[in-house]
Amino acid sequence: MRKTLIAAAVVAAGAAGYYFLSKQDSQAFHAELAYVPADTVLFSGQFKALDMVSYLATVGITPDYLKGEDLQQGLAVLQQQAPAAGQFALALFEGFINALGSPEQFERETGIANASRSLFYLVGAAPVVRLELANEQAFLSFLDNLGQRSGLSYQDASLNGHSFRRYRTDDAPEGFELLVSTERGWATIALHHHALSDSHRLQSLALEQPAKNLANSGKLENYVKQYQLKTDGLGFFSTEQLALALTTTDGNQLARDLQLTFNGEVPEALQSWQTPACRTDMQMLAQTWPGMVMDSELVTQANGQFHIRSKMLLPTSSKVALEGLQGLQGFIPNALNGKVHSSMFYLALGTEISQLTPSVSKIWAGMTDLSVSCEPLVAIQEQMKAQNPLMMLAMAGMAANGLQGFSVTINGFSLDPATGQPNQADALVTVSADNPQTLAANAIAMTPMLAGIQLPAAGEEISVSEVFPPAAMLGLDLRLKASANHLMLYVGDKAKAQATQLASEKLTKNGIMAVGADYKQFFSALSDAAAMSGQPVPDELKRMMDSNMQLGFGFGIEQHGIVFNTELKTSR
């Protein structure tokens with residue numbers, strides 16, 4: 001079951017994880033935004049057509065994916081245990097994967113355009129998925145086949161002259177229904193509830209436009225301008241709308257839907273938030289932390305090659321919070337800062353240790369001293385005051401004062417088949433600090449096994465293989481290089497070049513964490529290790545070995561708030 005869920009997550013990520021803006025037919029697409037309510041809590045849009053079959057093939061998702069023995073066993077178990085709705089979902093998963101043989105096959109069997117755009121959003125509490133179609137009838141036939149395989153039937157229904165399908169099962173939660181419509185070359189799938197109004201149902205099926213929507217509200221345009229977002233794709237999560245739903249009974253459509261769901265018997269836990277004090281406090285917090293915005297950019301999409309950059313931003317208007325968050329940052333090598341890299345794997349952590357305690361103290365004080373009168377928020381503040389982390393952070397600052405960053409880069413290694421030990425390696429470990437020699441000298445004084453190391457002067461390097469017996473036994477030329485702000489321990493030619501490049505970089509507060517990997521190199525090395533241990537190589541690992549994918553992820557603070565940057569390259 002776990003493996004099936006993982007596979008489903010991979011497909012979902014490939015199908016909806018990257019949001020691209022198309023210049024072609026933009027006017028027609030903008031018209032579809034008129035069906036998205038402006039008060040939606042959550043929205044994401046794929047705005048530029050993605051070659052779905054080619055992209056998923058680069059990450060190992062093809063019809064052969066279903067042939068894995070472990071996956072087949074997991075699917076068999078689920079098919080025996082799942083209710084009708086679950087059987088329908090399994091049939092959808094298998095049907096989607098089996099159709100990925102070619103773009104022509106995908107469009108012919110599913111009716112979904114291979115190079116398509118899509119939308120996901122909430123109409124009140126109802127989640128809505130919209131897919132651009134190549135053939136409406138083929139899409140409906142695809143659903144018919146899934147229904148026959150799973151035993152899930154539908155009823156034809158109509159509203160205001162519009163036809164749609166209503167799926168219901170006896171084992172679904174009472175009142176819930178799945179609605180499907182095809183209109184204007186789009187498929188719309190909505191999870192709905194029979195207690196909601198016909199007008200709500202029409203809006204959820206993209207058959208009626210809300211008076212205020214994403215096409216006429218200017219919300220997306222404002223996000224792009226305010227946060228300098230790329231317009232290849234956009235998404236957002238609104239704390240303003242969530243706060244209205246939590247603290248009011250009719251502040252937005254989600255609030256009204258919740259009242260219907262509870263049939264007037266609102267749980268006590270929710271009632272405690274629906275007070276004037278909580279409305280005022282939550283409105284203030286939502287203005288300070290407006291939620292999350294996302295963008296992405298398709299740099300390359302040609303000949304089975306994809307290069308994608310994306311950003312997720314948690315903005316804040318609080319100067320105190322921004323100052324505290326920026327103080328948490330340290331130094332991360334420029335080549336590693338959330339970027340695709342030629343190495344097998346890298347990890348970098350950046351924190352200026354001397355600023356850690358005052359920065360967290362500033363953030364902590366900003367949260368615990370915030371003037372609020374909403375009872376649930378007051379209770380949260382009291383819990384935070386009882387768990388103050390500053391003492392622990394102060395001890396960490398004393399132990400590594402001056403440290404600003406640490407990184408590990410593994411360019412590659414090979415194992416001796418006879419011993420299972422590394423016989424070749426190329427890797428770099430770095431420590432960045434105001435005075436790295438002093439920091440290292442303190443560490444050496446507390447570590448007897450390092451007592452024999454004589455630190456090199458800035459601009460020099462020494463061999464330290466003899467200090468590390470395993471490296472000497474394996475014949476690895478382990479070297480220690482120093483510069484004004486960096487100590488670099490390396491082995492191998494690539495690492496030597498990387499150390500030389502890093503040596504001249506000045507310390508800047510440019511990030512908190514970065515990690516990246518070349519999937520083919522990384523999982524091939526794991527496969528070799530598994531084979532030498534005598535263990536069978538899992539199917540998932542074999543597929544990852546065939547995946548020509550490089551990924552870089554970075555986390556830090558920018559002028560607007562907390563930012564997560566991702567870069568992805570794939571090829572066949």
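When a residue number appears, it is its place in the shown sequence, counting from 1. Note that this is a predicted model, so its numbers are computed, not measured.
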Would you indicate whether the side-chain heavy atoms of [Y] and [X] approach each other to under 4.5 Å?
X	Y	result
Leu314	Phe564	yes
Gln355	Pro358	yes
Val340	Leu551	no
Leu179	Leu205	yes
Tyr35	Leu119	no
Phe331	Lys506	no
Gln326	Lys509	no

Just wondering, are more than 12 heavy atoms of other shown residues or ligands nearer than 6.0 Å to [atom1] in [X]?
X	atom1	answer
Lys230	NZ	no
Glu221	CD	yes
Asp493	CG	no

Show the numbers, then the answer: is there a side chain to side chain donor-acceptor pair (under 3.5 Å) between Gln329 and Asn510?
CA-CA 6 Å; Gln329 293 197 123; Asn510 62 348; over 6 Å; no

Shortest non-hydrogen contact from [X] toward [Y]:
X	Y	answer
Gln498	Asn411	NE2-OD1, 2.9 Å
Ala138	Glu107	CB-O, 4.4 Å
Ser118	Trp186	CA-CZ3, 4.1 Å
Pro37	Leu122	CG-O, 3.8 Å

Enter the distance from [X]:[atom1] to [Y]:[atom2] here, rounded to the nearest 0.5 Å.
X	Y	atom1	atom2	value
Gln550	Phe522	CD	CZ	14.0 Å
Asn334	Ile332	CG	CD1	10.0 Å
Thr566	Lys311	OG1	NZ	12.0 Å
Met282	Leu285	CE	CG	6.0 Å
Gln301	Ile308	CD	CD1	8.0 Å
Leu50	Ser116	CG	OG	7.5 Å

Under 3.5 Å, is there a donor-acceptor pair between the side chain of [X] and the main chain of [Y]?
X	Y	result
Thr239	Pro290	yes
Glu352	Leu403	no
Tyr346	Leu336	yes
Ser318	Ala321	yes
His200	Gln253	no
Ser504	Gln501	yes
Gln105	Asn98	yes
Asn114	Ser54	no
Asn135	Gly111	no
Asn213	Pro210	yes

Which pairs with one or both residues in residues 290-314 pass ring pair (Phe, Tyr, Trp, His ring centres under 6.0 Å), sequence neighbours excluded?
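As it turns out, the ring pair (Phe, Tyr, Trp, His ring centres under 6.0 Å) pairs with a partner in residues 290-314, which skip direct neighbours, are Tyr55-Phe306.
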
Side-chain atoms of residues 240-247: list all donor-acceptor pairs with protein atoms under 3.5 Å, sequence neighbours left out, distances to 0.1 Å.
{"residue": "Gln241", "atom": "OE1", "partner": "Asn252", "partner atom": "ND2", "Å": "2.9"}
{"residue": "Thr247", "atom": "OG1", "partner": "Ala243", "partner atom": "O", "Å": "2.7"}

Identify, with sequence neighbours excluded, every residue that meets ring pair (Phe, Tyr, Trp, His ring centres under 6.0 Å) alongside Tyr223.
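Result, ring pair (Phe, Tyr, Trp, His ring centres under 6.0 Å) vs Tyr223: Phe236.
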
Please lay out, stage by stage, how Thr430 and His486 fare under the test side chain to side chain donor-acceptor pair (under 3.5 Å).
CA-CA 7 Å; Thr430 73; His486 311 285; over 6 Å; no

What residue among Glu132, Glu32, Gln46 forms side chain to side chain donor-acceptor pair (under 3.5 Å) with Arg117?
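Filter result, single survivor: Glu132.
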
Between Lys339 and Glu567, does at least one N-O distance fall below 4.0 Å, as a salt bridge requires?
no

Flag the pair Asp64 and Lys67 as a salt bridge only when some basic side-chain nitrogen lies within less than 4.0 angstrom of an acidic carboxylate oxygen.
yes

One pair to check against side chain to side chain contact (heavy atoms under 4.5 Å, CB included): Val563 and Phe555. What are the steps and the verdict?
CA-CA 6 Å; Val563 64; Phe555 160 49; over 6 Å; no

Side chain to side chain contact (heavy atoms under 4.5 Å, CB included) between Val320 and Lys362: does it pass, once the steps are laid out?
CA-CA 7 Å; Val320 172; Lys362 184 177 293 186; 3.7 Å; yes

Using ring centroids (six-membered ring only for Trp), state whether Tyr167 and Phe88 fall under 6.0 Å.
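Yes: the rings meet the under 6.0 Å criterion.
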
Side chain to side chain donor-acceptor pair (under 3.5 Å), that's the test. Do Thr570 and Thr58 meet it? Break it down for me.
CA-CA 6 Å; Thr570 67; Thr58 66; 3.1 Å; yes

Quick one, Val180 with Thr188, criterion side chain to side chain contact (heavy atoms under 4.5 Å, CB included). Give me CA distance, side-chain angles, the key distance, then yes/no.
CA-CA 6 Å; Val180 178; Thr188 302; over 6 Å; no

